[in-house]
Amino acid sequence: MIVLTNTDGARGVGKSAHLLGQGTSALDAIEAGIRIVEADETVRTVGRGGWPNLLGEVELDGSIMDGTTLRTGAVGALQGFLHPVSVARQVLERLPHEMLVGAGAARFAAEIGAERSDNLTADSRRSWQSWFEREVPPDLRQAWPDVPMIDLCRHAIDPETGRDTTVFLAQDSNGHIATGTSTSGWGWKYPGRLGDSPIIGAGSYADTRYGACACTGAGEMAIRTGAARAVVLYMKMGLSVGDAVEEAVEDMRRLTTGLVSRVTIHAIDAAANHKVVAVNGNPSNTYWMWRDGETEPRCHPAEIRVITSADSKPTASLRYAAQPL
Ligand code: GLY
């Protein structure tokens with residue numbers, strides 16, 4: 001048994017660990033842990049209290065994946081509800097679909113009786129208003145919101161503080177592996193922007209046979225490299241969890257155009273080994289982990305890798321593992 005989460009998941013990981021210890025499924029334990037983070041207004045990148053988009057509206061993304069059935073549920077750009085992870089769980093449980101976005105996601109949330117919430121806190125409203133008055137020229141302020149937003153988006157809130165998420169990866173007492181994610185995405189993002197968190201295969205992926213991976217940070221980079229699915233596939237091809245994550249870092253090294261910023265890759269394998277690497281990270285990149293037999297979750301520093309060049313080269317172990325295929 002194991003549960004692993006990023007820094008922003010600290011408030012919920014104890015609940016997940018407790019539930020796993022009682023024999024609860026990985027899916028239920030993850031959902032319960034993420035719900036605590038979503039309701040915590042002090043976590044500025046997830047749920048209520050998360051940063052709004054350029055229009056000052058909080059759009060939430062979330063997902064959950066069952067690594068045994070490979071069923072997933074995801075919601076994107078969901079407004080007005082407190083727990084995107086639970087709405088995503090119900091997409092998995094009740095629909096023949098895997099992802100809903102925008103008005104459709106809100107309609108579904110209302111139909112299942114999900115908890116409503118005004119997710120824009122007074123503090124977030126003040127921050128957005130102060131940005132609006134400081135950064136938006138007077139002619140645009142007058143015509144707001146029917147104005148071009150491309151340039152505003154490019155000069156949005158400091159991405160290092162305005163972008164993140166929470167991710168949970170777990171294996172339960174029956175060996176089942178699952179992942180869950182939840183985020184408000186970039187602060188001052190272009191309305192409708194989805195990061196990697198609701199994109200299964202980019203921000204998360206789980207396969208009970210091999211392991212799981214989930215990413216935080218600049219979702220654009222995880223989308224472009226299909227990072228989470230790649231890590232699990234590399235494990236399927238024979239790499240250890242550590243080598244699989246290093247291979248995903250090499251994939252990201254090829255990204256020289258577009259947004260190249262910070263991503264943290266979290267991974268576990270089916271034997272409860274793990275690896276967490278912060279690409280272009282800093283010492284504040286930590287993760288929380290609990291394993292069977294431990295009294296409580298503990299905080300650990302992530303390993304740091306710096307992307308400085310485009311000379312991507314597959315690791316020796318991947319070339320070897322790939323030969324027989
Ligand atoms: N990793 C979260 C996001 O990019 O929205």
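All values below come from the heavy atoms of this structure, side chains included, with hydrogens, waters and symmetry mates left out. Residue indices begin at 1 and follow the sequence shown. For ligands, and for the atoms within them, numbers begin at 1 and follow the listed sequence.
- The pair K275-D269 does not count as a salt bridge, with every side-chain nitrogen at least 4.0 angstrom from each carboxylate oxygen.
- When non-hydrogen atoms are compared, ligand 1 lies under 4.0 Å from neither the backbone nor the side chain of R262.
- The contact set between ligand 1 and D196, taken as ligand atoms under 4.0 Å from a residue heavy atom, comprises 1 (N), 2 (C), 3 (C), 4 (O).
- Looking at R141, its side chain does come within 3.5 Å of a backbone N or O of V136 through a donor-acceptor pair.
- Evaluation of the salt bridge (Lys or Arg N to Asp or Glu O under 4.0 Å) test over residues 92-111, restricted to residues two or more places apart or in two chains, returns R71-E98, R89-E93.
- If you number the atoms of ligand 1 from 1 as listed, the ones under 4.0 Å from a heavy atom of G185 come out as 5 (O).
- Atoms of ligand 1 lying under 4.0 Å from any heavy atom of T165, numbered from 1 in the order shown and given with element: 1 (N), 2 (C).
- Considering only non-hydrogen atoms, atom 5 (O) of ligand 1 lies nearest to R193 out of M221, K189, R193.
- Both tests hold for R229 against Y205: distance to the six-membered ring centre under 6.0 Å, angle to the ring axis within 45°.
- Ligand 1 places these atoms under 4.0 Å from at least one heavy atom of S197: 1 (N), 2 (C).
- Sequence neighbours left out, the pairs with a member in residues 287-297 that pass side-chain hydrogen bond (donor to acceptor under 3.5 Å, both in side chains) are H274-Y287.
- W131 and W128 have tilted rings, their planes meeting at an angle from 30° to 60° on a 0 to 90° scale.
- Considering backbone and side-chain atoms together, G195 places no N or O closer than 3.5 Å to any N or O of ligand 1.
- The atoms of ligand 1 that sit less than 4.0 Å from any heavy atom of G217 are 1 (N), 2 (C), 3 (C), 4 (O).
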